[in-house]
Trainee: 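Mind having a look at this structure? Questions to follow.
Just so you know, these numbers come straight off a predicted model, no measurement behind them. We're numbering straight along the sequence, starting at 1.
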Amino acid sequence: MIKKRAKKYNMVQNTWFMIKLAWTSGEKKVLVLSILSALLAVALNLVNLYISPTILSVVERHVSVMELLWTILGFVLGIMLVSAASTYVNTNTQYGRISVRLEIINLLNRKAATTSYPNVDDDGFSKLLARTNECTNSNEAATEAIWKTVTMLTTNLLGFIIYVSLLTSVQPILLLVILVTTVISYLIGNGVNGYGYRHREEEAEYERQVFYLSGRARDLCAGKDIRIFGLRPWLEDLYSKAMDAYIAFHSKAQSIYVWGKIADLVLTFLRNAIAYAYLINLVIQNGLGVAEFLLFFTAVGGFAEWVSGILGGLHTLHKQSLDISIVRECLEYDEPFKFDEGEHIKAQADGKYEIRLENVSFRYPGADKDTLKNINLTLHPGEKLAVVGLNGAGKTTLIKLICGFLDPTEGRVLLDGKDIRDLNRADYYTMFSAVFQSFSLLAGTIAANVAQDDMDIDMERVKECIEKAGLKTKLESLPDGYETYLNREVYEGAILLSGGETQRLMLARALYKDAPFIVLDEPTAALDPIAESDMYQKYNELTGGRSSIYISHRLASTRFCDRIIMIDHAEICEEGTHDELLKLNEKYADLYEVQSKYYKEGDAENGEA
């Protein structure tokens, strides 16, 4: 297990990461429009700042009505033009911001779909990937909202600089008063408003409970249990308790927010009172004009907003940076396997390949003993190999090692003499067609599920594979045949296949891929005995002379294989054909005898003895 490096990114690094991503993803306009939006926002603020003092100054000078009208018209036109330009820029910026966020989602999906298999079982990676959803799932998520924050910070910094130059002409001490009261107000407000952020885990726990119970009640798969066992009152009671706790949390938070608002109002009143008194004194002592008084007093409030905006923007950027750090840690999560840097290989369906395991041992992270120990095994070209053993013996782990989903803790897995750790792992996966115990059905047509594609589907091959898997009669009886949809959560007219039918569909998918190795992990677990027997009889036809590995706990199903290995206590304890292992009269024979009695008793109970 590769030790994960602790990665830390600061606000500047994460902001630069987003800027580079916008540039490389073809959304350079996001950067240009954000800067333009900030400039227009400052321009609009300055127009609004000067409109009243300027008009008042014109009136004080007793100019003509026409000049007054032209002055007012000039400001009105200025406000209209700047507002229109600002609205246009902000509207067009939105699309680019969404595109950048979607690019991040695409990168995360690609990471999840292509990451080294050990990461799939890594709890740290799984949690990290789940957390990235919160960072990308809406317009307000950090990966999109950061552009709004950066624009706001740029706006406030420009406004701060301009207002500092304006107010220093009056009295620098006034700037200090505004800064102190604004900072104190911000710190109090930030502490209060941060209550929800500091208690986000508590809130998330309440939300998880509410959403889980709500989801269970709507889950179609749980519908039968809810009705048969009368679970509705119990679920409603649990939901009510969870919702009460959730509401109580928010009631407490709201009371804290109210007190924060009161403190902010008091400090704002004190700041304005001091500024008002100081400016009145300038009017009385220094003859400050009414227009100038209005300009400076308005600037005092505006300057306080710029300062608050900078502090708030930095705080928001910090929180968003934490979310972007989660995204970056996920995207840059260590890969124990080689992909593009590994040696490329190309699978040929009719190729003659050999896989050899040399002194292979494997231990899962955190385990106190090996799951497999000192395994030496060669799969010869065209050979049909069966792997048997009790549950937990390590059969599936052996398959994962052969298929390259796991690397040995000790020893090597070789493909034609080459260590698979030196190969491009994605290329290596193309060597296998497989049916595992766990599988995924796509929300699409049956044909697309077989072909694992919805564009270039070879329908004749789909039908051929479906027929070989024994599902032709069932599918051709459906109104839409091979175009029938699966997954009712997405398609209203979708069908539900039985466990056995789904297993046959997965077999057809494996046959369609036409890889040089076929791996079947308990492929008949959901089939009835007749269907199972039919599949065994067709096994040679299904594998087409290719190398195949077959896992089963039913020993009667291994007779068609060229060789059988039995795993016990993490090692290969017996090896040979079915008849050879029976003649040994050891563990395989004992287990076969136990299963034979079970089948005979079952036949007798069914009147078939």
Trainee: Quick one: CG on Leu584 to CG on Asp590, what's the gap to the nearest 0.5 Å?
Mentor: 11.0 Å
Trainee: Do the non-hydrogen side-chain atoms of Asp562 and Thr577 ever get within less than 4.5 Å of each other?
Mentor: no
Trainee: What are the two closest non-hydrogen atoms of Ala426 and Asn424, and how far apart are they?
Mentor: N-OD1, 3.0 Å
Trainee: Which atoms form the tightest heavy-atom contact between Lys111 and Glu332, and what is the distance?
Mentor: NZ-C, 4.5 Å
Trainee: Flag yes if more than 12 heavy atoms outside Lys513 fall under 6.0 Å of its NZ atom; otherwise flag no.
Mentor: yes
Trainee: May I ask you to test the Met431-Leu415 pair for a side-chain heavy-atom distance under 4.5 Å?
Mentor: yes
Trainee: For Lys373, does the NZ atom have more than 12 heavy-atom neighbours from other residues, nucleotides or ligands under 6.0 Å away?
Mentor: no
Trainee: Using ring centroids (six-membered ring only for Trp), state whether Tyr429 and Phe337 fall under 6.0 Å.
Mentor: no
Trainee: With the side chain counted from C-beta on, respond yes when Leu385 and Leu377 share a heavy-atom pair under 4.5 Å apart, and no when they do not.
Mentor: yes
Trainee: Taking everything shown except His318 itself, do over 12 heavy atoms lie less than 6.0 Å from its NE2?
Mentor: no
Trainee: Could you please spell out the steps behind the side chain to side chain contact (heavy atoms under 4.5 Å, CB included) verdict for Gln209 and Glu205?
Mentor: CA-CA 6 Å; Gln209 294 176 12; Glu205 180 61 29; 3.2 Å; yes
Trainee: Test of understanding: with ring-ring contact (aromatic ring centres under 6.0 Å, His included), list the residues that count as partners of Phe17, not counting sequence neighbours.
Mentor: none
Trainee: Within the distance-only criterion (no hydrogens, no angle test), does the side chain of Tyr353 pair as donor or acceptor with the backbone N or O of Gln348 below 3.5 angstrom?
Mentor: yes
Trainee: Is a side-chain N or O of Ser214 found less than 3.5 angstrom from the main chain of Val210, in a donor-acceptor match?
Mentor: no
Trainee: Take the angle between the ring planes of His578 and Tyr588 and call it parallel below 30°, perpendicular above 60°, tilted in between.
Mentor: perpendicular
Trainee: Between Ser361 and Glu410 (side chain of the first, backbone of the second, donor and acceptor by atom type, cut-off under 3.5 Å), is there such a pair?
Mentor: no
Trainee: Can Arg101 and Glu103 be said to form a salt bridge (charged side-chain N to carboxylate O under 4.0 Å, His left out), step by step?
Mentor: CA-CA 5 Å; Arg101 176 169 61 87; Glu103 176 62 19; over 6 Å; no
Trainee: Any donor and acceptor pair, going by atom type alone, linking the side chain of Glu464 with main-chain N or O of Arg461 inside 3.5 Å?
Mentor: no
Trainee: Give the ring-plane orientation class for Tyr246 versus Tyr206, where under 30° counts as parallel, over 60° as perpendicular and anything between as tilted.
Mentor: perpendicular
Trainee: Taking all non-hydrogen atoms of both residues into account, name the closest pair between Leu475 and Ile446 and its distance.
Mentor: CD2-CD1, 3.4 Å
Trainee: Looking at every heavy atom in both Pro408 and Arg421, which two are closest together, and how far apart are they?
Mentor: O-NH1, 3.8 Å
Trainee: Is it true that Lys338 and Asp422 have a side-chain N and a carboxylate O under 4.0 angstrom from each other?
Mentor: yes
Trainee: Output yes when Arg488 and Glu492 qualify as a salt bridge under the 4.0 Å nitrogen-oxygen rule, no when they do not.
Mentor: no
Trainee: What pair of heavy atoms forms the shortest contact from Ser477 to Lys474, and how long is it?
Mentor: OG-O, 2.5 Å
Trainee: Classify the side-chain pair Glu335/Thr115 by whether it contains a donor and acceptor separated by less than 3.5 Å.
Mentor: yes
Trainee: Under a 4.5 Å cut-off applied to non-hydrogen side-chain atoms, are Ile402 and Ile355 in contact?
Mentor: yes
Trainee: Examine the side chains of Tyr333 and Asp122 and answer whether a donor and an acceptor come within less than 3.5 Å of each other.
Mentor: yes
Trainee: Under the rule for salt bridge (Lys or Arg N to Asp or Glu O under 4.0 Å), what residues qualify as partners of Lys352, not counting sequence neighbours?
Mentor: none
Trainee: When rounded to the nearest 0.5 angstrom, what distance separates CD in Glu571 from CE in Met566?
Mentor: 13.5 Å
Trainee: Could you pull out the closest heavy-atom pair between Gly470 and Arg504, with the gap in Å?
Mentor: CA-NH1, 3.5 Å
Trainee: Step by step, would you call Phe405 with Phe436 a ring-ring contact (aromatic ring centres under 6.0 Å, His included)?
Mentor: CA-CA 13 Å; Phe405 293 130; Phe436 297 110; 5.8 Å; yes
Trainee: To the closest 0.5 Å, what do you measure between NZ (Lys127) and OG1 (Thr132)?
Mentor: 14.5 Å
Trainee: Less than 3.5 Å apart, any donor N or O on the side chain of Thr484 or Asp480 sitting next to an acceptor on the other?
Mentor: no
Trainee: Show your working on side chain to side chain contact (heavy atoms under 4.5 Å, CB included) between Ile564 and Glu575 and close with a plain yes or no.
Mentor: CA-CA 6 Å; Ile564 303 167; Glu575 183 175 355; over 6 Å; no
Trainee: Using the rule given for salt bridge (charged side-chain N to carboxylate O under 4.0 Å, His left out), can you reason through Lys587 versus Asp568, listing the C-alpha separation, both sets of side-chain angles and the distance that settles it, and then say yes or no?
Mentor: CA-CA 9 Å; Lys587 292 182 179 180; Asp568 186 51; 2.4 Å; yes
Trainee: Verify the neighbour count for atom CZ of Phe339: are there more than 12 heavy atoms of other residues, nucleotides or ligands below 6.0 Å?
Mentor: yes
Trainee: Do Lys20 and Met18 come within less than 4.5 Å of each other through their side chains, counting heavy atoms only?
Mentor: no
Trainee: Please evaluate residues Asp514 and Arg546 with respect to the criterion salt bridge (charged side-chain N to carboxylate O under 4.0 Å, His left out), reporting the C-alpha separation (whole Å), side-chain torsions for both, the decisive distance (0.1 Å), and the verdict.
Mentor: CA-CA 9 Å; Asp514 197 26; Arg546 287 167 290 181; 2.7 Å; yes
Trainee: Can Leu505 and Leu497 be said to form a side chain to side chain contact (heavy atoms under 4.5 Å, CB included), step by step?
Mentor: CA-CA 9 Å; Leu505 185 66; Leu497 296 176; 3.9 Å; yes
Trainee: Measuring from Leu401:CG to Leu406:CG, what's the distance to the nearest 0.5 Å?
Mentor: 5.5 Å
Trainee: For a 4.5 angstrom cut-off between non-hydrogen side-chain atoms, does Thr430 reach Ile345?
Mentor: no
Trainee: In terms of side-chain heavy atoms, does Tyr512 have a donor or acceptor partner in Ser433 at a distance below 3.5 Å?
Mentor: no
Trainee: So, does Asn119 use its side chain to make a donor-acceptor pair with the main chain of Asp334 at under 3.5 Å?
Mentor: yes
Trainee: Salt bridge check, Asp458 against Lys463: does any charged N sit closer than 4.0 Å to a carboxylate O?
Mentor: no
Trainee: Do Ile324 and Cys135 have side-chain heavy atoms sitting under 4.5 Å apart?
Mentor: no
Trainee: Could you check whether Asn10 and Ser321, counting side-chain N and O atoms only, form a donor-acceptor pair closer than 3.5 Å?
Mentor: no
Trainee: Would you say the side chain of Asn376 lies within less than 4.5 Å of the side chain of Asn359, judging by non-hydrogen atoms?
Mentor: yes
Trainee: Test Arg425 against Asp407 for side chain to side chain contact (heavy atoms under 4.5 Å, CB included), laying out the working first.
Mentor: CA-CA 11 Å; Arg425 197 59 63 100; Asp407 277 342; 3.0 Å; yes
Trainee: Distance-only, no hydrogens or angles: does the Arg509 side chain make a donor-acceptor pair with backbone N or O of Asn449 under 3.5 Å?
Mentor: yes
